[in-house]
Amino acid sequence: MKRQVNLFFHALLFYSRIPAGKIDYSEENLTKAFRYFPLVGILVGALGGGLFWLSQWILPVPVAIIMAIAFMVLLTGALHEDGLSDFFDGFGGGGCDKERILSIMKESTIGAYGTIALVLLFLLKFMLLVSIDTAHLVMVLIAAHASSRVMPVVLVNSSHYARTGNSKAMHTRKRTDGATFLIALAFGMVPLVFIPWQIIVTVIFVYAIIAILLKKYTEKKIGGFTGDVLGALQQFSELAFYLICVALFPILK
């Protein structure tokens, strides 16, 4: 149990800004901590959903949604949004030059592609969430944040790490063990029991398409994935979840 708590704290410290206890750090432990990545998503979605639920009683729903989005970004330190912006900067500005793409993604500054991507990302998130019935919104946030975090684990286990030098995502160079993958999958799937099965089936299908296309694209361009690619995949998947809910919830009423 102590080892599992240590792995969970690894996940909290690396994938969020939620305070955690002291950890016995190692790269191996950080790789195994992937098993709790979707659990971190459950926490982020639950806290963001909780803020929305409280805020909606005294504020207009659109304002409550903006507050929830901002709070969830703060909870993760914009880790995945940063990955998305770096992804678009790198692949948008690097052309077909692998080293140029990797170099751009590692820069601390943000370019035009990344800026535009972030603006569109938050506009889409807001418009999609404001289109979902408030009765479903809290569970949608929890399920989206949990299930979308399974997809980076899938990519780590099906592709190759593209960088050769030191980087923040070096722990993703090795594939996870079977137990880590299954635990991550379980945590990602648990919140889906509160979502209509038609949406679940559609989400799984769309997630697979996104992962396959992104894998083929990044392997062709840079030979695999980076931490920024994983962040972008999480954001693409989260957006897809909201879009599917917007499309199907009215039909299922």
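- Between Arg17 and Leu74 there is no side-chain heavy-atom pair separated by less than 4.5 Å.
- In this structure, the side chain of Ser85 engages the main chain of Asp82 through a donor-acceptor pair within 3.5 Å.
- Nearest heavy-atom pair, Gly188 versus Val150, reported as atom, atom and distance to 0.1 Å: CA-CG2, 3.6 Å.
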Would you check, one step at a time, whether the test side chain to side chain contact (heavy atoms under 4.5 Å, CB included) holds for Leu214 with Phe236? CA-CA 10 Å; Leu214 189 66; Phe236 290 148; 4.3 Å; yes
Stepwise side chain to side chain contact (heavy atoms under 4.5 Å, CB included) check, Asn29 with Ile23: CA-CA 10 Å; Asn29 282 340; Ile23 62 172; over 6 Å; no
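- Using a 4.5 Å cut-off between side-chain heavy atoms of Ile, Leu, Val, Met, Phe, Trp and Tyr, with links allowed through other members, Ile116 and Val119 fall into different hydrophobic clusters.
- Side chains of Thr115 and Leu118 form no contact here, defined as non-hydrogen atoms less than 4.5 Å apart.
- For the atom pair Tyr161 OH and Leu230 CG, the distance stands at 8.5 Å (nearest 0.5 Å).
- Ile101 contributes atom CD1, which lies 15.5 Å from atom NZ of Lys106 (distance to the nearest 0.5 angstrom).
- Note on Leu102 and Ile104: separate hydrophobic clusters, where clusters join Ile, Leu, Val, Met, Phe, Trp and Tyr whose side-chain heavy atoms are under 4.5 Å apart, directly or indirectly.
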Please tabulate, for the side chains in residues 120-128, all donor-acceptor contacts under 3.5 angstrom to protein atoms that are two or more places apart in sequence or on a different chain.
| unit_1 | atom_1 | unit_2 | atom_2 | d |
| --- | --- | --- | --- | --- |
| Lys125 | NZ | Gln235 | OE1 | 3.0 |
| Lys125 | NZ | Glu238 | OE2 | 3.3 |

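- Atom CD1 of Ile204 and atom CG of Leu192 lie 7.0 Å apart (nearest 0.5 Å).
- Without hydrogens or angle criteria, Asp228 side chain to Phe87 main chain gives no donor-acceptor distance under 3.5 Å.
- Met189 is not connected to Val201 by any chain of hydrophobic side-chain contacts under 4.5 Å among Ile, Leu, Val, Met, Phe, Trp and Tyr, and they are in different clusters.
- In the hydrophobic clustering of this structure, Leu185 does not group with Val190; members are Ile, Leu, Val, Met, Phe, Trp, Tyr whose side-chain heavy atoms approach within less than 4.5 Å, directly or through other members.
- At most 12 non-hydrogen atoms from other residues, nucleotides or ligands lie less than 6.0 angstrom from OH of Tyr113.
- Ile195 and Ile200 get closest at one heavy-atom pair: O-CD1, 3.4 Å.
- Lys216 is listed as a side-chain neighbour of Ile212, based on a closest heavy-atom distance under 4.5 Å.
- Pairing each heavy atom of Pro152 with each of Leu233, the nearest pair is N-CD2, 3.9 Å.
- Expressed to the nearest 0.5 Å, how far CG of Leu13 lies from CG of Leu30 amounts to 9.5 Å.
- Looking at every heavy atom in both residues, Lys98 comes nearest to Lys221 through CB-O, 3.7 Å.
- Between the side chain of Asp133 and the backbone N or O of His136, no donor-acceptor pair lies under 3.5 Å.
- Scanning both residues, Asp89 and Ala112, for their nearest heavy atoms gives OD1-N, 3.9 Å.
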For residues 36-61, please give each side-chain donor-acceptor pair under 3.5 Å, one per line with the distance, not counting sequence neighbours.
| unit_1 | atom_1 | unit_2 | atom_2 | d |
| --- | --- | --- | --- | --- |
| Tyr36 | OH | Gln4 | OE1 | 2.7 |
| Ser55 | OG | Leu51 | O | 2.7 |
| Trp57 | NE1 | Trp53 | O | 3.0 |

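- Every residue two or more places apart in sequence or in another chain was checked for a side chain to side chain donor-acceptor pair (under 3.5 Å) with Glu28, and none qualifies.
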Stepwise side chain to side chain contact (heavy atoms under 4.5 Å, CB included) test for Asp86 and Thr226: CA-CA 10 Å; Asp86 286 344; Thr226 66; over 6 Å; no
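- Between Tyr207 and Ser148, some side-chain heavy-atom pair lies under the 4.5 Å cut-off.
- When all heavy atoms of Ser159 and Gly224 are compared, the pair lying nearest together is OG-CA, 3.8 Å.
- Contact check for Phe241 versus Ser147: side-chain heavy atoms found under the 4.5 Å cut-off.
- Screening Asn6, Asp177, Thr176 against Lys32 for a side chain to side chain donor-acceptor pair (under 3.5 Å) leaves a single residue, Asp177.
- In this structure, the side chains of Phe14 and His10 stay at 4.5 Å or more apart for every pair of heavy atoms.
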Ile222 and Phe91: side chain to side chain contact (heavy atoms under 4.5 Å, CB included), yes or no, with the steps? CA-CA 9 Å; Ile222 60 173; Phe91 288 93; 3.7 Å; yes
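- In this structure, CG in Leu79 is found 8.0 Å from CD in Glu81, a value given to the nearest 0.5 Å.
- The shortest side-chain heavy-atom distance between Met105 and Arg100 does not fall under the 4.5 Å cut-off.
- The CE atom of Met151 sits 8.0 Å away from the OG atom of Ser158 when rounded to the nearest 0.5 Å.
- For CZ of Phe194, the number of neighbouring non-hydrogen atoms (other residues, nucleotides, ligands) closer than 6.0 Å is 12 at most.
- By the 4.5 Å heavy-atom criterion applied to side chains, Met72 and Leu141 are counted as neighbours.
- One N or O on the side chain of Ser16 and one on the backbone of Leu12 form a donor-acceptor pair closer than 3.5 Å.
- Thr76 and Tyr15 form no side-chain donor-acceptor contact under 3.5 Å, judged by distance and modelled atom types alone.
- Under the 4.5 Å side-chain heavy-atom criterion for Ile, Leu, Val, Met, Phe, Trp and Tyr, Met139 and Trp197 are members of distinct hydrophobic clusters.
- Between His160 and Phe225, a ring centre-to-centre spacing not shorter than 6.0 Å is recorded.
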